[in-house]
Each structure stands twice: as C-alpha cells, then as structure tokens.
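Positions are given from 1 along the sequence.
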Amino acid sequence: MKDKKEDFFTSSEIRVKELYTPEDLLDFDFKRDLGHPGKYPFTRGVQKDMYRGHLWTMRQYAGFGTASETNKRFRYLLKQGQTGLSVAFDLPTQIGYDSGHPLSSGEVGKTGVAIDTLEDMEILFDKIPLDKVSTSMTINATASILLAMYVALARKQNVPLKLLSGTVQNDILKEYIARGTYIFPPRPSMRLTTDIFKYAYENLPKFNSISVSGYHIREAGANAVQEIAFTLANGITYVQEAVNSGLNVNSFGKRISFFLNAHSNFLEEIAKFRAARRLWAKMMKEKFGAEEDSCKLRFHTQTAGCTLTAQQPENNIVRVAFQALSSVLGGTQSLHTNSMDEALSLPSEKAAEVALRTQQIIAYESGISSTVDPLAGSYFIESLTNNLEKEAKKYIDYIEQNGGALWAVESGYYQKEIQKSAYEHQKMVESGDRVIVGVNKFETKTEKEKRKKIFKISKKATSGQIKRLKDVKKRRDNNKVKASLEELKNKVNTEENLMYPIIECVEANASIGEICQVLKDVWGEYEQKVII
C-alpha cells in the first residue's frame, strides 16, 4: 500500500492546501473581485438572476450522414425538450471539399453532416422554422460559406435576418494549434473572420459572430490555466483585428461568445469559468475601453470528450453528470452533454436522450438553479479563482509581449505548450499517479467487456450524398454559377466584405468545394510546420 499522499494539485499543478480559511483571502475585495451577478467584473455571472430568470440553453451537438438523417435527429431532440440546435459538420465540409472529391473518400457524413450546397441546407432544416430556434454551427475555415447558406435559407423561408439567432464558431486561430481543420494561411483567414463580424453587425443583430473556442485547446491536451489563457489571448486578437478594420468595439463586443470545456477536476472547473469571466471583463475594459455589456464573457460549455472511455462506457454517464454540474455552477449560458458511447462511435439515439436527460435532471431536480452562484464566498473557490486568473494572466502577458496570438500560432509557441501539458498528463496516467477509473484502476478483469452495438453511418447514405451533388450540378444554371465565382475572385484582393459575393455564390447553388477553390487560387493553402 502506498504511503499517504502529502501533496495535492489541480490539473493545472496549482497546489491544494489541506484547509482554506479567511486568511487565504486577505487581499480579496468584494466589490473589485466579486461584486454582484450581472455587474462588472461578472465573476458571479453575466445575468442578474441567472437561472432563476431562465435556464441555460440545452444545445446538444448533432450531425451525421446526410442532411435528411440529421434533420430527423434534430426534430427528435427538439421533441425531447432540447432548446437549441448545434450542428456538427463532416470533415470534408469543414475543410472545403465536396463530397465527391477524391480526398473526401471514406469521410463523407462520418464526423458530422455532409453539406455541399444550399439544397443540403434546405433539407437539414426542413420543417424547422429559423425564426423560432437558435442554431449553433461548429465550423471555422468554411464558416463564411455555411453562414451564407443559413442566410440564403432564411431568405427562401421569408424569415427576416434580424430574427435569426445563434452562433457561428468562426474561430480559425485554434484550428492551427489544436484541431487542424484549417484551409488558408492565418492572415487571410482572419480577413474572413472579421468580414463575418461586419456582416453580422450590419444584418444579424441577434447572431453571435464568433465563438472563441477553448474546448478544442483543452481536448488537445492543455490544462485549465492554458485553456483560458490561450482562448482569451485569441479573443483579444480577434477584437484587435476587428477594431483595426474600422469596427467600434461596442458594435460587436456584445456578440462575441466563447466555447469552454467542462473537464474532470470539479472544483477547478467551477473556478476556471469564474476566473475566465473576470479576466475577460478586465481586458475588454482596460485594453479597449469597452462598455459594460461588451465586457461580458458569455459561453457555451461541452463536457470533456477526451475524458470519455471505451472501457466501462456506462461510467461516462457519471463523468458527464458532474462535468455538466460544474459548468452550471460556473454560470454557463449554454450546455452540451456528451453521450456515454461517444468513445466508441457517434452517439446512438438512446445515448443522446440520456445525455439530454442529464441536463434536465440538473435543471429541474437538483435545486441548483434556485440561487445565483451558490459557491461564491467559499474560501477554496475564491482562492482558486484568484490563482487561475493570476496564472492565466502570466501566459497572456507573455503572448502579448511577443506579438499576440498570431505570433503564438506561427512560432509554434501554443503547440509546444499544449504538447508539454499533454505529455505530462499521459505520464501521470501511465504511472498511476492520475487515476482513470476503469482504465488504469478498477479495471474489469473477470470477463471481457462486451462490445456494444454501435451506431454506424451506412454506405448507402454516402453514395446518395455524392449522387445528389452531381444532380444539383446538372440542374443548376451553370452560367450563373460561373459568373458568381468570378465575381468572388475579383473581390478577394479588394477591401470589400467577402460575405456578400459568397452569399451570391451560394444562392446560385455553387458548392462549398467550388467556392473554396476560388479562395485557394488566390491565397494558397496553409502547411502546418512540424513542431519538435
């Protein structure tokens, strides 16, 4: 038997004391550091009454196979009480290839829904009124094209654009450091990002023009401090780019949203959300002079996919429940709960239902939603919030001093830091210093774990998607398509907002691959450096 453990640390290597007392908060100032909910610096939440006023949006991430199949899942989830849609796109859609492209082979509809043209978007939202539902789209390199399709669809439904609500992720920086679904070099990609900011300001007052994502940074191996530091550093760069392009920070600051991870160290995660909110508010006010409403860090949370295990998958229900609970106690505005079988496959309908019910039980049975920020004033929570903010600020200051987030991407700084953190985590798991139940401790040894029936995408769906794309290209007015693509090419090197010609291409039924090829011809493609 091992000796009693002497030292305890959070996942970010912040030392945890045996006991916390008022002496740990001697420098703590209520007004400066905590304040009231809905008031700067928003440590306690961005709304005065939080969940007493209305619950967080229950937004389950879904998408697979064809638009028709995904539409059925959307309508099923809405019928079960889900309050917002979140669209997962397949890999070819994310990196700008048509389903029929040779490089799309074997990937069509596998990690999300395949969307090639506006007709697919029409099928995806069939019988779902866009003015009645909030839609989030996890899309980055091709965000301008998918948002253009959503706008074009609203026009076809005769829905005023001012009524559209939702979020387009549009966070290209984290693709270079964590997720990998980039297409163009960073600087022209930033042009597309700020063009979406401008278009949303002019046409989509209820739509979030970006969701700055720490989720994928954490999934790549970052710890809690790095997640908020790198995410907020990226956010500051987006704000600066938008301001440099001529936008007033208060014209778009209220529509910036964030996407954070709910990981397994329960109390650290709660403190992380509170620290991120306070730090963002301070930076927006001090660096840009933003008004109070533009200083609010509003965020969507997803439970940690990287913590799901293929071994004893039922344990994932428990993991997801307390991760979801941490995000609610941390003040999230929107939440996705992962399904227990996602380490094995795309979630089955039953597993997706259990994941949604997990949120509903927290909302309606736990009593947590009856008061705002119930853990405020805890000596440990407040001390940990302070420490997380302090350590994240050190990273942010270093990045700023060296040239900002673009420098951190292009130099490989982000990648190196995340790799180091991931390596240290894996060493601890393999040594047994960090326990993963059912993986490196409490394994099932008496019998082989039964392989459960998993959800699979049919080959028929893939071939049907490619056939439909060919059919669209035959039926459309190809002269109109050619003219719209040429118009886009002519405007790429001007200062005009590219959203407008992209919408024209989409309305002509140009495909995502054709539109991306025009931009590749001008900007080229980004090649990731190998970081050693």
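- No side-chain heavy atom of I183 sits less than 4.5 Å from a side-chain heavy atom of Y526.
- With contacts defined as side-chain heavy-atom distances shorter than 4.5 Å, the pair N338/N316 does not qualify.
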Donor-acceptor contacts, no H, no angles, side chain residues 287-296, under 3.5 Å, sequence neighbours left out:
| residue | atom | partner | partner atom | Å |
| --- | --- | --- | --- | --- |
| K287 | NZ | E400 | OE1 | 3.2 |
| S294 | OG | N250 | OD1 | 3.0 |
| K296 | NZ | V46 | O | 3.4 |

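- The closest side-chain donor-acceptor pair between E23 and Y379, if any, does not fall under 3.5 angstrom.
- Inter-residue side-chain proximity for Y215 and T301 is flagged as unmet; no heavy-atom pair is nearer than 4.5 Å.
- Under the 4.5 Å side-chain criterion, counting only non-hydrogen atoms from C-beta, V16 is in contact with T10.
- Y176 has its ring centre no less than 6.0 Å from the ring centre of Y414.
- Taken from CG in L247 to OG1 in T194, the straight-line distance is 8.0 Å, to the nearest 0.5 Å.
- For D29, the CG atom is densely surrounded, since the number of other residues' heavy atoms within 6.0 Å is greater than 12.
- If you check the side chains of R255 and T167, you find no donor sitting under 3.5 Å from an acceptor.
- With hydrogens and angles left out, the side-chain atoms of Q312 and N315 include a donor and acceptor closer than 3.5 Å.
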Stepwise, does the side chain to side chain contact (heavy atoms under 4.5 Å, CB included) test hold for L406 with R187?
CA-CA 8 Å; L406 280 170; R187 294 182 189 276; 3.4 Å; yes

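- With hydrogens and angles left out, the side-chain atoms of S264 and Q323 include a donor and acceptor closer than 3.5 Å.
- In this model, a donor atom of one side chain and an acceptor atom of the other lie less than 3.5 Å apart for N261 and E219.
- Pairing each heavy atom of A392 with each of V225, the nearest pair is N-CG1, 3.7 Å.
- Judged purely by distance below 3.5 Å, without hydrogens or angles, the side chains of Q360 and E365 never pair a donor atom with an acceptor atom.
- Between Y238 and I256, every side-chain heavy-atom pair lies at or beyond the 4.5 Å cut-off.
- Pairing each heavy atom of I95 with each of T142, the nearest pair is C-CG2, 4.5 Å.
- When all heavy atoms are compared, the tightest approach of H336 to Q302 is CD2-CG, 3.2 Å.
- For the 3.5 Å distance criterion, the side chains of T237 and N234 fail to qualify, holding no donor opposite an acceptor.
- A donor-acceptor pair shorter than 3.5 Å cannot be found between the side chains of S327 and E269.
- For the residue pair S11 / E268, a side-chain donor-acceptor distance below 3.5 Å is found, with atom types taken as modelled.
- Checked by atom type, the side-chain pair N402/Y413 shows no donor-acceptor distance below 3.5 Å.
- L335 places none of its side-chain heavy atoms less than 4.5 Å from the side chain of R59.
- Taking the centre of each ring, W280 and F42 stay at or above the 6.0 Å mark.
- Using the six-membered ring where Trp is involved, F266 and F322 have ring planes that are perpendicular, over 60° apart on the 30 and 60° scheme.
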Residues R274, E382; criterion salt bridge (Lys or Arg N to Asp or Glu O under 4.0 Å); working and verdict:
CA-CA 9 Å; R274 301 169 89 252; E382 300 300 355; 3.1 Å; yes

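- For the residue pair R179 / Q94, a side-chain donor-acceptor distance below 3.5 Å is found, with atom types taken as modelled.
- Using a cutoff of 4.0 Å between basic side-chain nitrogens and carboxylate oxygens, D24 and K17 are scored as salt-bridged.
- Between F9 and I14, the closest side-chain pair of non-hydrogen atoms is not below 4.5 Å.
- Going from atom CG of L388 over to atom NZ of K393 covers 15.0 Å, rounded to the nearest 0.5 Å.
- The ring-ring contact (aromatic ring centres under 6.0 Å, His included) check on F252 picks up F197, with sequence neighbours excluded.
- Under 3.5 Å, the side chains of N265 and K272 contain no donor-acceptor pair of N or O atoms.
- Aromatic ring pairs are classed by plane angle as parallel below 30°, tilted from 30° to 60° and perpendicular above 60°; the pair F380 and Y20 is tilted.
- The closest side-chain donor-acceptor pair between S339 and D341, if any, does not fall under 3.5 angstrom.
- Closest heavy-atom contact between R277 and T43: NH2-O, 2.9 Å.
- Within 6.0 Å of NZ in K206 there are more than 12 heavy atoms belonging to other residues, nucleotides or ligands.
- Of all the heavy atoms in V168 and A143, the pair that sits closest is CG2-CB, 3.8 Å.
- Using a 4.0 Å cut-off between charged side-chain N and carboxylate O, K427 and E430 make no salt bridge.
- Relative orientation of the H36 and F30 rings is perpendicular, given thresholds of 30° and 60° on the angle between their planes.
- Atom NZ of K282 is surrounded by more than 12 heavy atoms from other residues, nucleotides or ligands within 6.0 Å.
- Donor-acceptor pairing under 3.5 Å is recorded for the side chains of Y76 and E353.
- For F299 and F259, the gap between ring centers reaches or exceeds 6.0 Å.
- With contacts defined as side-chain heavy-atom distances shorter than 4.5 Å, the pair I381/T385 qualifies.
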